[in-house]
Structure formats: structure tokens, C-alpha cells
Amino acid sequence: MDPSQNPASSRHATDILAMGDALVDVIATCDDDFLTRFDLPRGAMQLLDEPQALALYDAMGSAREMSGGSAANSMAGAAAMGADVAFVGQVADDQLGTIFTHDMRALGVKFDTPPLTEGPSTGRCLILVTPDGERTMNTCPGAAHCLSRDAVDEAAVRAASILYLEGYLFGPELSRQAMFRAIDIAHAAERTVAFTLSESVCLPGRREPLQKLIAAGGIDLIFANESEALQLAGAADLDEAIGRLSTQVRTLVFTRGPAGALAFENGLTTEVPAISVPQVIDTTGAGDLFAAGFLAARCKGHPIDRQLMTGGIAAAEIISHFGARPVADLADLVKL
Ligand SMILES: OC[C@H]1O[C@H](O)[C@H](O)[C@@H]1O
């Protein structure tokens with residue numbers, strides 16, 4: 001049995017330790033013309049350098065700032081649902097880094113990666129939300145992509161039932177090596193390694209090393225949306241993707257937006273419908289909060305359908321307002 005599913009026999013100090021981009025989100029609304037005018041990739045994520053980020057920031061309308069980062073959002077959500085969680089990510093010794101650190105700790109997430117004292121500033125993600133609730137992300141990763149192997153604390157990885165890795169951080173060689181080190185430590189300690197895909201891991205130059213890692217048994221659980229799963233597996237539909245990936249990964253979890261979510265584990269497919277919301281305000285963080293709910297329920301030993309449902313409830317909460325950090329009482333909503 002996957003040790004992450006049986007808390008009684010695998011009581012570790014931490015439920016989940018995540019590695020991901022440490023970012024502060026800058027969120028503004030815009031119309032579709034704005035995206036066209038600035039040639040922004042609607043519904044996707046692109047990387048910006050510092051001058052590009054400053055130029056886009058100047059052009060954006062009034063914005064609100066809040067801590068973000070995909071895996072960091074997941075840990076914030078999992079903590080809110082009662083999981084004991086930790087985060088490894090790189091900030092700089094600056095104001096945004098202080099804000100990010102404060103927010104993580106205030107939410108109960110253990111976050112001890114020392115800030116960079118020289119080099120790039122703390123990363124930020126300029127997010128534009130169109131009237132249909134779709135988010136377009138423009139990330140200036142800054143310090144986040146300076147995360148190195150030294151930031152991985154062996155004892156902290158060993159102390160967690162699940163190591164949760166974010167696809168965005170798999171791009172730069174430096175942080176990819178940090179992830180490899182964490183995977184080695186986690187597997188030597190017989191922990192579960194979960195990986196959330198992002199569209200960026202499907203880029204040439206990233207997809208191949210990820211496929212190699214998967215083929216070598218480096219990942220036990222994958223989270224993906226439908227399009228990421230098809231691209232990674234080189235498949236035409238989800239059944240084909242499951243057929244290919246399930247020989248290499250023990251648990252596959254696919255989110256399908258309004259069509260719900262499904263998991264493939266132990267030869268069985270489990271599907272759940274999406275939770276409907278009165279209005280989709282901002283889809284930022286939907287996948288992050290889905291993973292948070294799924295893992296929080298898994299760590300409490302709930303069955304796979306409850307894990308999927310919990311992910312769906314958390315995702316529904318996050319798309320009902322601006323920003324990728326929960327505002328409602330998630331613990332009360334999911335009642336784990
Ligand atoms: O998944 C959403 C997150 O991705 C980006 O990394 C942003 O920080 C945002 O909060």
C-alpha cells in the first residue's frame with residue numbers, strides 16, 4: 001500500500017513537504033483586447049525578464065498583491081484543511097520575500113529556506129484575469145529559480161509522508177537538480193513522490209527529462225489537467241494517456257475543469273463530477289487547490305473518491321474569488 005494512504009502505519013512529523021516557486025502574485029482584471037495588444041498567451045503562463053515585467057506592470061490596471069506560487073498555494077490550502085505541511089522555495093531578502101515568508105508562516109506552513117542575500121529579487125507573477133474568469137500568467141521568477149540543492153534539508157524531506165513537486169520549478173537546471181536530490185532522499189526513506197505538471201513541463205527541453213524521470217520510477221503520483229496529460233504521454237485521449245503512464249506511475253490524477261476529475265490507481269478508474277459555482281471569478285490556482293484537497297484527504301486516510309471530491313470542493317472555493325489563496329473556511333467546507 002502507498003504509505004501516504006495509511007497514516008496509522010506511517011505517522012510522520014509532516015504530511016506533505018512541497019518544493020515550488022516562491023512568488024508574489026500581482027492580479028488585475030483586463031479585457032481580451034489588452035491580451036491581444038500585449039501579445040499575452042491567453043490562459044497560459046509565460047516567463048518574463050525584469051524589464052518586460054516592469055513594462056507590463058506599468059500597463060496593467062489597478063492590481064492587488066498576494067502571495068502565490070503553485071505548490072505554495074497548495075500548501076496554504078492543505079494547511080487550511082488541517083494537514084501538517086512544509087514548503088521549500090527561494091525568496092530574496094527584500095520586501096516581497098518578507099511578505100511571502102510571513103504569509104506562509106501565518107498560515108501554519110513550515111517555511112525555513114534562507115532568503116538570498118544577493119542576486120535577483122523575489123519573483124512575482126503578473127496575472128491578468130479576463131471577464132470570463134480565465135487567468136493569463138506572466139511570471140518573472142527572479143530568486144525563485146535560484147533554488148539549489150543546498151536548500152534541500154534531508155531531515156525535513158525524510159520527515160514528510162509526501163514530497164510534492166511543482167512542474168514550473170522543473171525548468172531551470174539548478175532547481176531541477178534540487179528536485180532530483182529531494183526525490184532521491186524521499187525514495188530512500190520510502191516516501192511518496194507526487195508531481196504536479198504545468199504547461200511549461202511540456203515544452204521541448206523539459207518534457208524529455210521529465211519523461212526520463214518518470215520512466216525511471218522517480219514519480220509515484222501525477223497531477224495534470226487533460227491537455228498536460230495528453231502532451232506528456234503523446235496521447236490522443238485520456239484513456240490512451242492512462243494506458244501509457246499507468247505502467248510507470250502508481251497514481252494518476254486528472255482534472256477536467258467543469259467535467260470533474262478522475263483518478264487511476266490500483267487498476268481502477270474513479271471519476272467525480274465538478275462542484276458547480278454560481279460564477280467563476282478567477283481560475284488562478286484551481287489546480288493547486290485541487291491538489292491541496294486531494295492530498296489533505298489522502299493524508300487523513302480517506303478513500304480515493306473522497307480525495308477527489310475534497311479536491312473539487314477546494315478548487316470550487318478558489319475560483320469563486322480573486323487570488324489563489326483560500327478566503328472561506330476550507331476546513332469547514334471539506335470536513336475531513
Ligand atoms: O497556479 C497558480 C500560480 O501559478 C503562478 O506560479 C502564480 O504564482 C499563481 O499563484
Side-chain angles (χ1 to χ4, degrees), residues 15-25 44-47 67-79 83 85-91 100 104 109-111 113 122-125 127 135 137 139-149 151-152 156-157 160 162-183 186 191-203 206-207 209-210 213-214 218-225 228-229 232 249 253 255 284-296 311 314-315 318 324-325:
D15 292 319
I16 314 161
L17 178 136
M19 291 176 71
D21 282 352
L23 300 175
V24 172
D25 291 347
M45 189 284 289
Q46 68 169 346
L47 290 175
S67 294
S70 176
N73 294 334
S74 298
M75 292 307 97
V85 299
F87 179 73
V88 176
Q90 192 63 65
V91 293
F100 181 90
M104 293 303 269
V109 180
K110 292 172 222 160
F111 176 51
T113 313
T122 296
R124 57 208 186 277
C125 182
I127 302 178
R135 93 288 185 267
M137 302 196 294
T139 304
C140 180
H145 284 184
C146 298
L147 187 79
S148 73
R149 291 168 65 91
V152 178
V157 176
I162 299 174
L163 171 68
Y164 177 71
L165 304 171
E166 171 189 321
Y168 290 126
L169 196 61
F170 193 76
E173 187 58 29
L174 192 68
S175 47
R176 190 182 301 170
Q177 291 302 327
M179 285 175 151
F180 287 152
R181 172 164 142 77
I183 291 170
R191 306 296 187 246
T192 297
V193 176
F195 193 105
T196 180
L197 298 189
S198 57
E199 69 253 34
S200 61
V201 298
C202 301
L203 293 173
R206 298 183 186 185
R207 184 173 45 207
L210 181 61
L213 174 66
I214 291 169
I219 296 174
D220 306 303
L221 190 166
I222 283 183
F223 290 100
N225 66 29
E228 292 156 0
L232 177 70
V249 181
V253 184
T255 52
T284 311
D288 307 338
L289 269 290
F290 179 90
F294 183 95
L295 292 176
I318 216 71
R325 298 290 172 100

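Just so you know, these numbers come straight off a predicted model, no measurement behind them. Counting from 1, the numbers follow the sequence of the chain as shown.
For F195 and F223, the ring centers sit 6.0 Å or farther from each other.
Scanning both residues, A78 and I16, for their nearest heavy atoms gives CB-CD1, 4.2 Å. The minimum heavy-atom distance between V193 and A186, with the atom names listed, is CG2-CB, 3.9 Å. The two residues C125 and M137 have their closest heavy-atom pair at SG-CB, 3.7 Å. Considering every non-hydrogen atom in both R176 and G171, the closest pair reads NH2-O, 3.0 Å. Scanning all heavy atoms of the two residues, the minimum distance from A72 to D21 falls at CB-O, 4.3 Å. Residues L221 and I219 come closest through the heavy atom pair O-CG2, 3.4 Å.
A donor-acceptor pair under 3.5 Å is formed between the side chain of R181 and the backbone N or O of V152. Remark: side-chain polar atoms of R124 are not paired, donor with acceptor, to backbone N or O of L23 under 3.5 angstrom. Looking only at distances, no side-chain donor or acceptor of Q177 sits under 3.5 Å from a matching main-chain atom of L174. Of the possible donor and acceptor atoms, none in the side chain of S70 sits under 3.5 Å from a partner among the backbone N and O of E166. The backbone N or O of L169 lies less than 3.5 Å from a partner atom in the side chain of S175, making a donor-acceptor pair.
Separating the CE atom in M45 from the OG1 atom in T139 is a distance of 4.5 Å, to the nearest 0.5 Å. Residue L232 holds its CG atom at 14.0 Å from CZ of R206, rounded to the nearest 0.5 Å. Atom CG of D220 and atom CG of L163 lie 9.5 Å apart (nearest 0.5 Å). Atom CD1 of residue I183 and atom CG of residue L165 lie 5.0 Å apart, to the nearest 0.5 angstrom. F87 CZ to Y164 OH: the interatomic distance, rounded to the nearest 0.5 Å, is 10.5 Å. Between the OH atom of Y168 and the CG atom of L197 there is a distance of 10.5 Å, given to the nearest 0.5 Å.
In this structure the side chain of R325 reaches within 4.5 angstrom of the side chain of S67, judged on heavy atoms. Taking 4.5 Å as the limit, some side-chain heavy atom of M19 sits within range of a side-chain heavy atom of M179. Within the 4.5 Å cutoff, no side-chain heavy atoms of I162 are placed close to those of L17. Inter-residue side-chain proximity for F180 and L213 is flagged as met; some heavy-atom pair is nearer than 4.5 Å.
The aromatic rings of F111 and F100 stand perpendicular to each other, their planes meeting at an angle above 60°, with 30° marking the opposite boundary.
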Worked verdict on D288 versus S74 for side-chain hydrogen bond (donor to acceptor under 3.5 Å, both in side chains):
CA-CA 5 Å; D288 307 338; S74 298; 4.6 Å; no
